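Down below is the structure, laid out as structure tokens.
Model, not experiment: these values are computed from the prediction.
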Amino acid sequence: LVQQLSRVDQERLRAAELEEERKAFMSPHVKRVSLFGSDAKKDEEVRGRKRKGLGDEAKEFVSAQRIVAELGATTFWGKQKKEWEAKKLQELGAKKAKNEKVPYNILMGRLKKQGEREEKRKVVEKQAGLAPSKAGKKAKPKAGKAVSSH
């Protein structure tokens, strides 16, 4: 039956199914919400990410890649951990969190301290004989090109 429907009709049918699932999930009645979760659907379908056209090997690779990324994320801490958690929430459909409001003088103090830490890190790297990192370097104009100053 599904193959006989046109693509537009299939999309409408899928949209109606998703809307029913959303209504059931958002329902204040526990019975409806629990019925929504009892369907034995694949993870891709629940998330609305049917991977059409991918072979079994590609699906396994994507699955393994996700597992490795999540395992690697367990070592995150501080700002990196918060960014990872925010990214995961956005993938699940949450809205992006707004930036923290900070008074100007405190912001300038933070930026100054960050610059001092960066300078200290560069000195330590140089003393240790490490190649300097490329983070924070600005692109220099190429030789031969005239830079106009107005």
Other residues, nucleotides and ligands only: do more than 12 of their heavy atoms fall within 6.0 Å of CD on E83?
yes
Tell me every residue that passes side-chain hydrogen bond (donor to acceptor under 3.5 Å, both in side chains) with E19, counting only those two or more places apart in sequence or in another chain.
R22
Could you list the residues that satisfy side-chain hydrogen bond (donor to acceptor under 3.5 Å, both in side chains) with E119, not counting sequence neighbours?
none
If you look only at distance, which donor and acceptor atoms sit under 3.5 Å apart when one is on a side chain in residues 74-82 and the other is two or more places apart or in another chain?
residue : atom : partner : partner atom : Å
T74     : OG1  : L71     : O            : 2.5
T75     : OG1  : G72     : O            : 2.7

What do the steps show when you test K122 against K126 for side chain to side chain contact (heavy atoms under 4.5 Å, CB included), and what is the final call?
CA-CA 6 Å; K122 286 181 183 178; K126 192 172 186 177; over 6 Å; no
For K113, all residues meeting side-chain contact (heavy atoms from CB on, under 4.5 Å), sequence neighbours excluded
E116, R117
What residues, two or more places apart in sequence or in another chain, satisfy side-chain contact (heavy atoms from CB on, under 4.5 Å) together with K87?
W84, E91
Assess whether a salt bridge exists between R14 and E17, defined as any Lys/Arg side-chain N lying under 4.0 Å from an Asp/Glu carboxylate O.
yes
Check whether any side-chain heavy atom of L92 sits under 4.5 Å from a side-chain heavy atom of K88, and report yes or no.
no
Can you list the other members of the hydrophobic cluster that holds L111, where links are side-chain heavy atoms under 4.5 angstrom apart?
V102, Y104, I106, L107, M108
